[in-house]
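Reviewing the structure listed below.
In listed order, ligands and their atoms are each counted from 1.
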Amino acid sequence: MENFDYCTPTQYVFGRGTEDRVGGLSANCLGNKILLCFGEGSVVRSGLLERVKRSLGAAAVEFIEFGGIQPNPTDDRVYEGIDLCRSHGVTGLLAVGGGSVIDTAKAIAGGVPYRGDFWDFWAGKAVMDRALPVGVVLTIAAAGSEGSGNSVITKIDGAKKVSLRTNVLRPRFSILNPELTMTLPAYQTACGIVDMMAHILERYFSPSADCDVTDRMCEGALKAIVDIAPRVIETPDDYQARANIMWSGTVAHNGICGVGRIEDWTSHAMEHELSAIYGVAHGAGLSVVFPAWIAYVARIKPDKVLQLGSRVFGVSGVDATVGALKNFNRSISMPVTLGELGIDNPDIDLLVRKLHETKGALIGSYCPTDAHASEAIYRLML
Ligand code: NZQ
Ligand code: ZN
């Protein structure tokens with residue numbers, strides 16, 4: 001095990017009806033004037049936004065609405081939000097939605113107190129040491145941004161999709177009502193399931209040895225997700241299934257599955273290029289990338305692949321493990337090739353070039369990936 005320093009300050013408020021507490025929590029944690037961030041309309045159609053506004057009103061929290069945030073969120077909305085916050089003297093941000101809304105709120109929160117360009121933090125030119133407080137009402141179990149210190153933003157100029165991780169951006173509170181996820185289309189539910197499994201696998205594949213507790217926690221969470229996934233897809237209004245999937249999504253990415261070891265994150269880096277260039281949903285992209293990455297690293301370092309196969313999928317052998325992961329993804333109607341993802345003529349040279357321009361010559365830790373390896377991995381997705 002490596003040394004670690006783990007702090008997760010987020011207050012998780014879980015269960016039915018918990019969104020009614022958003023006014024009180026905002027008044028306590030975000031101040032009296034907030035930027036109310038949401039997406040392209042699901043929270044309007046479901047009535048959630050109205051309920052949130054009522055609760056904020058009852059707690060005397062003023063809000064400025066900032067809607068229309070799109071999936072794979074972009075820097076233009078962050079600049080717009082920073083200007084709005086500054087001109088209205090906003091004290092905190094409330095994100096009502098999924099990873100895209102939360103990540104935009106986090107980026108604005110970090111940009112407001114900074115004199116320079118907020119992108120400096122994502123470009124590695126500055127270190128974020130403060131941010132306005134952020135609260136969350138989560139509507140999709142997927143990205144895990146409700147518990148993470150990450151914010152993933154795409155710079156439109158150059159289509160650069162970059163993740164920043166800092167404890168400063170961890171939400172002050174996250175309201176998790178599984179009922180709010182029942183309106184999700186099966187496709188989005190499945191994308192979320194793949195993404196949360198990927199967040200665990202990125203931590204599971206590590207060069208650090210003797211992390212038995214963390215390994216077993218990862219395997220337990222993965223097994224629970226694999227077991228519950230069919231139920232949540234077949235019966236979208238099954239509260240207990242939704243509840244387990246929602247909490248899995250948070251546990252997968254709030255850091256507890258990574259303590260004591262170096263993490264990998266090659267597959268996420270490779271997927272971020274796919275969603276930056278081709279606009280695919282993050283989870284669907286990962287459904288194609290992860291089995292290909294595992295198949296590649298298994299040739300060099302098979303041990304952890306074999307452990308995953310036997311402990312999570314009950315199979316032996318590297319091919320059987322990759323096959324089991326692909327079969328699982330297919331069973332929830334997720335793609336496993338670039339063609340199935342809708343990318344018929346992928347520009348592999350462009351993907352590889354952008355990947356290493358953005359993320360460096362060597363990526364990841366389990367089997368550090370150079371341009372030769374990343375090209376081979378992209379080709380395994382064909
Ligand atoms: O925009 P609306 O109308 O709300 O619709 C959204 C969107 O179209 C819809 N949706 C969300 N909740 C719904 C719903 N539709 C019906 N009922 C509901 N209850 O779902 C669609 C996808 O939403 P989005 O927020 O994009 O999904 P997700 O949570 O998967 O976030 C994806 C983004 O997060 C990044 C991804 O790269 C991507 O940009 N990630 C963020 C991470 C983090 N901050 O820690 C880690 C992840 O690895 C990931 O990279
Ligand atoms: Zn992810």
Side-chain angles (χ1 to χ4, degrees), residues 10 19 37-49 66-75 77-78 95-107 109-110 122 134 136-154 160-167 169-171 174 176-203 236-237 242 245-246 249-250 252-255 258 263-276 279-287 289-290:
T10 307
E19 66 273 22
C37 305
F38 53 97
E40 295 189 290
S42 70
V43 298
V44 178
R45 290 190 294 279
S46 67
L48 173 63
L49 192 67
F66 189 64
I69 297 167
Q70 296 176 346
N72 296 325
T74 44
D75 58 342
R77 300 307 309 276
V78 178
V96 184
S100 298
V101 175
I102 304 167
D103 288 2
T104 303
K106 286 175 172 176
W122 276 253
V134 173
V136 172
V137 181
L138 188 66
T139 63
I140 171 171
S145 188
E146 71 279 6
S148 78
N150 296 59
S151 166
V152 185
I153 301 293
T154 299
K160 288 189 181 129
K161 185 168 184 177
V162 182
S163 179
L164 173 73
R165 186 191 281 192
T166 160
N167 274 340
L169 289 182
R170 285 182 183 265
S174 283
L176 311 173
N177 176 358
E179 289 174 325
L180 300 179
T181 65
M182 290 178 183
T183 51
L184 279 168
Y187 178 77
Q188 289 296 347
T189 301
C191 282
I193 287 167
V194 173
D195 192 17
M196 63 183 75
M197 288 177 71
H199 294 159
I200 300 170
L201 292 170
E202 297 279 18
R203 295 172 164 97
D237 55 356
R242 287 282 184 191
I245 287 292
M246 192 169 215
T250 303
H253 200 36
N254 75 353
E263 302 176 0
D264 189 80
W265 296 99
T266 310
S267 299
H268 266 68
M270 297 187 77
E271 193 295 313
H272 283 166
E273 294 310 326
L274 290 176
S275 39
V280 300
H282 172 62
L286 285 168
S287 179
V289 174
F290 233 113

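For atom 12 (N) of ligand 1, the nearest protein heavy atom (residue, atom name, distance) is Thr139 OG1, 2.8 Å. Summary of contacts: the protein heavy atom closest to atom 13 (C) of ligand 1 is Leu184 CD2, 3.3 Å. Distance from atom 25 (O) of ligand 1 to its nearest protein heavy atom, with residue and atom name: Ser100 N, 3.0 Å. In this structure, the protein non-hydrogen atom closest to atom 20 (O) of ligand 1 is Gln188 CD, 3.7 Å. At the shortest separation from atom 29 (O) of ligand 1 among protein heavy atoms lies Gly99 N, 2.7 Å. If you check which protein heavy atom lies closest to atom 15 (N) of ligand 1, you get Ser42 CB, 3.6 Å. Atom 47 (C) of ligand 1 has as its closest protein heavy atom His199 NE2, 3.3 Å.
Qualifying side-chain contact (heavy atoms from CB on, under 4.5 Å) partners for Gln70, counting only residues two or more places apart in sequence or in other chains: Glu40. Shown here are the ring-ring contact (aromatic ring centres under 6.0 Å, His included) partners of Phe66, two or more places apart in sequence or in another chain: there are none. Residues satisfying the side-chain contact (heavy atoms from CB on, under 4.5 Å) criterion with Thr139, sequence neighbours excluded, are Val43, Leu48.
With a 4.0 Å heavy-atom cut-off, ligand 1 is reached by the side chain of Asp103 but not by its N, CA, C or O. Contact annotation for Met182 and ligand 1: no heavy atom of the residue comes within less than 4.0 Å of the ligand. At a heavy-atom distance under 4.0 Å, atoms from both the backbone and the side chain of Ala143 approach ligand 1.
Atom 6 (C) of ligand 1 is not flagged as protein-proximal [any protein heavy atom, distance under 4.0 Å]. Protein heavy atoms are absent from the space less than 4.0 angstrom from atom 9 (C) of ligand 1.
Ordered by chain and number, Asp195 OD1, His199 NE2, His268 NE2, His282 NE2 make up the set of protein N, O or S atoms under 2.8 Å of the Zn ion (ligand 2).
At least one side-chain heavy atom of Leu164 sits less than 4.5 Å from a side-chain heavy atom of Leu169. Under the 4.5 Å side-chain criterion, counting only non-hydrogen atoms from C-beta, Glu19 is in contact with Leu180. Residues Phe290 and Met197 have side chains not in contact (no heavy-atom distance under 4.5 Å, counting atoms from C-beta outward).
Nearest-heavy-atom check against atom 37 (O) of ligand 1 across Glu202, Lys161, His268, Met196 picks out Lys161. Nearest to atom 50 (O) of ligand 1 by heavy atom, out of Gln70, His272, Glu179, is His272. Of all the listed residues (Arg165, His282, Glu271, Glu40), Glu40 holds the heavy atom that lies closest to atom 1 (O) of ligand 1. Here atom 40 (N) of ligand 1 lies nearest to Val152 when heavy atoms of Val152, Leu286, Val96, Val194 are compared.
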Checklist entry - Stepwise, does the side chain to side chain donor-acceptor pair (under 3.5 Å) test hold for Ser163 with Asn150? => result CA-CA 6 Å; Ser163 179; Asn150 296 59; 3.3 Å; yes

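Looking at Asp103 and Ser145, their side chains do bring a donor and an acceptor atom within 3.5 Å of each other. With no hydrogens or angles considered, no side-chain donor-acceptor pair links Thr183 and Arg45 at under 3.5 Å.
Of the N or O atoms in Arg45, none lie within a sub-3.5 Å distance of an N or O in ligand 1. Note: an N/O pair closer than 3.5 Å links Asn150 and ligand 1 by distance alone. Taking distance alone, with nitrogen or oxygen atoms compared against 3.5 Å, Ile140 stays at or beyond that limit from ligand 1. Looking at ligand 1, you won't find any N or O of Ala142 less than 3.5 Å from one of its N or O atoms. Between Lys106 and ligand 1, no N or O atom pair is found at a separation short of 3.5 Å. Below 3.5 Å of separation, one finds an N or O of His253 facing an N or O of ligand 1.
Every atom of ligand 1 is numbered from 1 in the order shown, and the set under 4.0 Å from a heavy atom of Pro71 is 7 (C), 8 (O), 26 (O). Numbered from 1 in the order shown, with element, the atoms of ligand 1 that lie under 4.0 Å from a heavy atom of Thr183 read 16 (C), 17 (N), 18 (C), 19 (N). Close approach to Gly41 involves these atoms of ligand 1, each under 4.0 Å from a residue heavy atom: 3 (O). Interface of Gly39 with ligand 1, defined as ligand atoms under 4.0 Å from a residue heavy atom, comprises 1 (O). Close approach to Gly98 involves these atoms of ligand 1, each under 4.0 Å from a residue heavy atom: 25 (O), 29 (O). Proximity to Leu180 (heavy-atom distance under 4.0 Å) selects the following atoms of ligand 1: 19 (N). Near Pro73, with a cut-off below 4.0 Å to any heavy atom, the atoms of ligand 1 are 39 (O).
Not a single donor-acceptor pair under 3.5 Å links the side chain of Arg203 to the backbone N or O of Asp264.
The aromatic rings of His199 and His253 lie parallel to each other, with less than 30° between the two planes, well short of the 60° mark.
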